[in-house]
Asker: 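Here it is: the structure, laid out below.
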There are 2 protein chains.
Amino acid sequence: MAQVTSAAPKVARRRPDSTSPAAAEEMSLSGDIAKRLEEEILRGRVRPGHRLDERELSERYGVSRTPVREALQRLSASGLAVARGRQGLQVAQLSVADLIDALSVVAQLEALAASQAARRILPEQRSLLREAHEACELALEKGDADAFYDANLAFHDVVVAASHNRVLQDEIRRLSLKTAPYRRAITFQPGRMTGSVPEHAEILQAILDNDGKRASELMSRHITLLTEGIADFLQFVRASGDRVLFAETA
Amino acid sequence: MAQVTSAAPKVARRRPDSTSPAAAEEMSLSGDIAKRLEEEILRGRVRPGHRLDERELSERYGVSRTPVREALQRLSASGLAVARGRQGLQVAQLSVADLIDALSVVAQLEALAASQAARRILPEQRSLLREAHEACELALEKGDADAFYDANLAFHDVVVAASHNRVLQDEIRRLSLKTAPYRRAITFQPGRMTGSVPEHAEILQAILDNDGKRASELMSRHITLLTEGIADFLQFVRASGDRVLFAETA
DNA sequence: CAAGCCCGTCTTGCATGCAAGCTTGCAACT
DNA sequence: AGTTGCAAGCTTGCATGCAAGACGGGCTTG
């Protein structure tokens, strides 16, 4: 009889905890949570195969299960999480074949981005691109793999932004999230950082020269080399599990 | 006071209506509804700008608002629908610039699909591809634009399927849904059907010959021509609204 | 007569309750 | 001892209730 008369909906509206830095710009809890989950995946805090528990997340973020469920639906629609029958969702786990396929798609899309960026880049973005490249160089000199990972992301982000193609931007973002955990592992491979910087330099030059065709080819090759790096990377993980990478739960 | 004692959850679980042909394979209502909505968008039954009302949909499908909401979240995550502040969602409306951008992405992705299909196609898919092409020819002869639209979709679907690249398949599906309403309009333009068939024939041949590079170039050009068709199409809609196509609600 | 304000209504967003299904651990049986 | 049945719990999936914005209409006022 309780909820009919009073229903006592807890309290006005308790913000999750407001101590977190990323808050204060979202208006819907579900969107907020979706963003946070994406961020955690991108940053490698949750790994592929990780089980996403509704109640745990709702408690962690201090909201009810409904917005959490809606956020999970969004991740699922983006392909970032996969439903496992009636038994909840888990962060998408790519097989080796899927990963290679995904990277071929990323290569193709980033090639288009580079091509369009070469034609559409704005003056201020030229500066940003140079700066991002220099940050990569700096991280390489220092041998700081974490910094390089971030600087590398920034470089690619600027290229994509300079394409001024929102649709392309969305697609690349989605795929980048899916492949981020694996790309991260590859970035940390010995030779990759050293190899990337001169490739970036060429791409940078081609874009600054407004040479779309060349930028496209270089970028495609750049990502393809990344793919080849996987072959090397696989030598490491071959021991553990054959079909699936990062099988932490299984 | 009623729901405390009985709570009367309607009935056991009433399937939406079970008369529909596509039912009987989904296990979650939200996923089911998401598929139906996608289908309606693809088929052109709901047009860009259409307001998606939770209650209306829940009544139409005979379920509560929760699964409907979850389905809408998925569409929103896919970019098929956009949230309009606190005022619900509407089917994504592409500006002219966005549409052109989206088609350039589709072109790039379908080119990759054609390339990989040329290398990976299976024997039975060769037959399917031929059949799909013949269906296009038949529809052209009959001058049946609706049939051609479907046959054309089928042809491209087979190419994508033959790429055996699930990631690519997902991405193309998503983008195809977004651009479907506009592609549909273009397909119905006078010359497009006639022009498409010989292009398909060349693509078909290149794939059957396992010539990935040529298939890729042909497919890219094929879609690009579609894009150019937009310029013509725009002559028609220029009168109504400038930035947005199909602005039915505004 | 026009413009602005206020209030009613409608719709979304979130919380919570309830039912069904998967999982798991125990126990009984072969 | 191994296997199979079963039951309890835990988790998801859906329904519903309630509160907070957003829109619209009508009224008032300059």
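We name chains A, B, ... by the order of the sequence lines, and we start the count at 1 in each one. Being a predicted model, the structure only gives us computed values, none of them experimental.
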Asker: Take atom CD of B/E54 and atom P of D/dG21, then tell me their distance rounded to the nearest Å.
Answerer: 17 Å
Asker: Let me know the distance between CG of B/L57 and P of C/dT11, rounded to the nearest Å.
Answerer: 12 Å
Asker: Apply side chain to side chain donor-acceptor pair (under 3.5 Å) to B/Q125 and B/H164, showing your working.
Answerer: CA-CA 11 Å; B/Q125 291 173 323; B/H164 294 281; 3.0 Å; yes
Asker: Could you state the atom-to-atom distance from CG of A/L29 to P of D/dG21 in whole Å?
Answerer: 12 Å
Asker: I'd like to know if A/D98 pairs up with B/R166 as an ion pair, taking the criterion as any Lys NZ or Arg NE/NH1/NH2 lying under 4.0 Å from an Asp or Glu carboxylate oxygen.
Answerer: yes
Asker: To the nearest Å, give me how far apart CD (A/E59) and P (C/dC14) are.
Answerer: 18 Å
Asker: Look at all strands and tell whether B/R65 reaches a base, only sugar-phosphate, or nothing, counting heavy atoms closer than 4.0 Å.
Answerer: base
Asker: Rounded to whole Å, please give me the gap between CG in B/D53 and C1' in D/dC23.
Answerer: 14 Å
Asker: Which part of the nucleic acid, if any, lies within reach of B/L52 when heavy atoms closer than 4.0 Å are counted: base, sugar-phosphate only, or nothing?
Answerer: sugar-phosphate
Asker: Which residue in the set A/V91, A/V105, A/L80 passes side-chain contact (heavy atoms from CB on, under 4.5 Å) when paired with A/K178?
Answerer: A/L80
Asker: Please determine whether side chain to side chain donor-acceptor pair (under 3.5 Å) holds for the pair A/Q73 and B/R74, giving the CA-CA distance in whole Å, both sets of side-chain angles, and the decisive distance to 0.1 Å.
Answerer: CA-CA 6 Å; A/Q73 294 284 343; B/R74 291 173 76 141; 3.3 Å; yes
Asker: Considering the options B/R43, B/R36, B/K35, which one meets the side-chain hydrogen bond (donor to acceptor under 3.5 Å, both in side chains) requirement together with B/E39?
Answerer: B/R43
Asker: Which whole-number value in Å describes the distance from B/I33 CD1 to D/dA15 C1'?
Answerer: 13 Å
Asker: Using atom types as modelled and distance alone, determine if a side-chain donor or acceptor of B/S115 lies under 3.5 Å from a backbone N or O of B/A111.
Answerer: no
Asker: From the list D/dT12, D/dC14, C/dT16, which nucleotide is the closest neighbour of the side chain of A/S64?
Answerer: C/dT16
Asker: Does A/F148 have any ring pair (Phe, Tyr, Trp, His ring centres under 6.0 Å) partners at least two apart in sequence or in another chain, and if so, which?
Answerer: none
Asker: Please compare B/R55 and B/T66 by the position of their nearest nucleotide in DNA chain C and report the one closer to 5'.
Answerer: B/R55
Asker: Between atom OH in B/Y61 and atom P in D/dC14, what is the gap in whole Å?
Answerer: 15 Å
Asker: Going by heavy atoms closer than 4.0 Å, what residues in residues 69-82 of chain B are next to DNA chain C?
Answerer: B/R69
Asker: Between C/dT11, D/dC14, C/dC14, which nucleotide gets closest to the side-chain atoms of B/S28?
Answerer: D/dC14
Asker: Expressed as a whole number of angstroms, how long is the span from B/L89:CG to C/dG13:C1'?
Answerer: 12 Å
